[in-house]
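Note: hydrogens, waters and symmetry copies are ignored here, and every other heavy atom, side chains too, is used.
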Amino acid sequence: TLALVAATSRGTYLEIPHQIHLLRPKSGARTNDFPDLSCLSWRLAVETNNIIGWKTTPEKCEGYLGHYMLGQQYREDSEAVAYEAIVYAQSLELAGDGREIWIFDIDETSLSNLPYYAKHGFGVEPFNSTLFNEWVNKGEAPSLPESLKLYKKLLSLGIKIVFLTGRPEDQRSVTENNLKNVGFYTWENLILKGSSYSGETAVVYKSSERKRLEKKGYRIIGNIGDQWSDLLGTNAGNRTFKLPDPMYYIS
């Protein structure tokens, strides 16, 4: 596994294990790239779902976002979310009947596309589905280590995993292999977006599929994703957890 040694504000050094992608973080993170709103404030507003419907990240924030995504803070933010999810899961009184599930999104939740986005401006470039699908079909996306840790803990508690992704059905095989190759070796179900949901938002699609799961007798005790559209809508589960992702927005 790859690792990055980073200095902390206290002058000590920490080794960050399982670094997602070994690229030199962009320097010169700026906080006044455009009028009236710093890049840090823009990221906060995005994560809190106050800025919605945006197509690309602000061009002048590319350096800031590169510094964030490839630096220590993104990893620490992801770790904080995963830690709270583990604390919550451990606090539950589980029935142990095999019907308790936890829903995981895939892109930027279970698998990281940072190797792709690091070459495409961290969301500054307009989304190119052809190029992105070429990347996905390589099946080389690394895991998000913090999510993998949560995944393993949930399995040890007897909670079953359901992957619910916006990836299309024709990417099932490559997605299955990619998940297994990076440590997500088992699941109760892997749900990909079928053609019947063409034109529907992610909120509609994911709400509908969660409702189907509950009709089958499953109980959604947890739900984690990087987009608010993974967590909003109906049948979202007993508790949701939002991972950071300032690179793109899915409605």
Side-chain angles (χ1 to χ4, degrees), residues 1-34 36-52 54 56-88 104-125 141-151 153 182-183 224-231 240-250:
T1 58
L2 303 174
L4 173 70
V5 176
T8 70
S9 60
R10 295 184 296 274
T12 58
Y13 286 83
L14 298 173
E15 181 176 338
I16 306 173
H18 313 296
Q19 184 67 13
I20 290 174
H21 191 50
L22 189 60
L23 288 178
R24 183 178 180 181
K26 295 191 175 187
S27 59
R30 293 165 287 186
T31 59
N32 57 348
D33 281 342
F34 52 95
D36 301 323
L37 189 65
S38 72
C39 291
L40 189 152
S41 297
W42 178 85
R43 178 170 66 85
L44 175 63
V46 163
E47 294 295 359
T48 53
N49 206 35
N50 290 317
I51 295 179
I52 62 174
W54 48 280
T56 60
T57 58
E59 184 175 356
K60 291 184 178 182
C61 291
E62 180 179 354
Y64 168 81
L65 291 170
H67 183 83
Y68 171 74
M69 294 301 301
L70 296 176
Q72 185 174 350
Q73 192 61 55
Y74 170 62
R75 298 296 305 282
E76 290 184 347
D77 291 348
S78 299
E79 184 177 9
V81 177
Y83 174 79
E84 287 302 319
I86 289 173
V87 170
Y88 161 70
F104 277 69
D105 173 52
I106 290 184
D107 293 300
E108 272 55 69
T109 298
S110 307
L111 300 178
S112 170
N113 297 301
L114 262 180
Y116 173 84
Y117 282 104
K119 296 179 180 179
H120 295 277
F122 301 98
V124 168
E125 294 182 14
S143 68
L144 186 68
E146 293 74 23
S147 295
L148 183 58
K149 181 179 179 180
L150 169 62
Y151 164 88
K153 185 62 178 180
V182 298
I224 188 168
D226 67 295
Q227 298 289 316
W228 280 103
S229 55
D230 299 326
L231 312 174
T240 62
F241 295 87
K242 170 70 170 66
L243 285 165
D245 181 5
M247 297 188 297
Y248 56 85
Y249 175 88
I250 297 176

Practice prompt. Would you check if Ser78 and Pro244 make a side-chain contact, meaning some heavy-atom pair closer than 4.5 Å?
Written response: yes
Worksheet item: Under 4.5 Å between any side-chain heavy atoms of Leu144 and Leu148, yes or no?
Response: no
Worksheet item: Can you name the residues that form a side chain to side chain donor-acceptor pair (under 3.5 Å) with Gln227, not counting sequence neighbours?
Response: Asp245
Item to complete: List the atom of Pro246, the atom of Met69, and the distance in Å for their closest heavy-atom pair.
Response: CD-SD, 3.7 Å
Discussion item. If I take atom OG1 from residue Thr240 and atom CG from residue Asp230, how far apart are they, to the nearest 0.5 angstrom?
Written reply: 10.0 Å
Worksheet item: Taking side chain as C-beta onward, heavy atoms only, is Glu62 less than 4.5 Å from Thr57?
Response: no
Worksheet item: Any idea which heavy atoms bring Ser112 and Pro115 closest together, and the distance?
Response: O-CD, 3.8 Å
Discussion item. Tell me the closest heavy-atom pair linking Ser147 and Leu243, and the distance in Å.
Written reply: OG-CD1, 3.5 Å
Worksheet item: Quick one: are Ser143 and Ser110 in side-chain contact, heavy atoms under 4.5 Å?
Response: no
Worksheet item: Who pairs with Asp226 by salt bridge (Lys or Arg N to Asp or Glu O under 4.0 Å), at least two apart in sequence or on another chain?
Response: none
Discussion item. Quick check: do Met247 and Leu114 have side-chain heavy atoms less than 4.5 Å from each other?
Written reply: yes
Discussion item. Within the structure provided, determine whether Cys39 and Lys60 are in side-chain contact (heavy-atom separation under 4.5 Å).
Written reply: no
Fill in: Which residues share a side chain to side chain donor-acceptor pair (under 3.5 Å) with Glu84, sequence neighbours left out
none
Item to complete: With rounding to the nearest 0.5 Å, note down the distance linking OG1 in Thr109 to CG in Asp107.
Response: 8.0 Å
Response to the item:
Heavy-atom closest pair (Val182 atom, Ala141 atom, distance to 0.1 Å) is CG1-O, 3.5 Å
Practice prompt. From the options Arg75, Glu79, Gln73, select the one residue that forms a side chain to side chain contact (heavy atoms under 4.5 Å, CB included) with Asp77.
Written response: Gln73
Worksheet item: Can you tell me how far the CH2 atom of Trp42 sits from the CG atom of Leu65, to the nearest 0.5 Å?
Response: 5.5 Å
Fill in: Intermediate values then yes/no, side chain to side chain contact (heavy atoms under 4.5 Å, CB included), Trp228 and Ile250
CA-CA 8 Å; Trp228 280 103; Ile250 297 176; over 6 Å; no
Worksheet entry | Shortest non-hydrogen contact between Lys153 and Ile86, atoms and distance | CG-CG2, 3.9 Å
Worksheet item: Does the side chain of Val46 come within less than 4.5 Å of Tyr249's, by heavy atoms?
Response: no
Worksheet item: Do the non-hydrogen side-chain atoms of Lys149 and Tyr83 ever get within less than 4.5 Å of each other?
Response: no
Discussion item. Working note: Val81 + Glu146, criterion side chain to side chain contact (heavy atoms under 4.5 Å, CB included); need CA distance, chi angles, decisive distance, verdict.
Written reply: CA-CA 9 Å; Val81 177; Glu146 293 74 23; over 6 Å; no
Practice prompt. Measure the CD1-OG distance between Ile52 and Ser229 for me, rounded to the nearest 0.5 Å.
Written response: 11.5 Å
Response to the item:
Between Glu125 and His120 the two heavy atoms that sit nearest each other are OE1-ND1, 3.0 Å
Discussion item. Applying the ring pair (Phe, Tyr, Trp, His ring centres under 6.0 Å) criterion to Tyr117, which one of Tyr248, Tyr68, Phe122 satisfies it?
Written reply: Tyr248
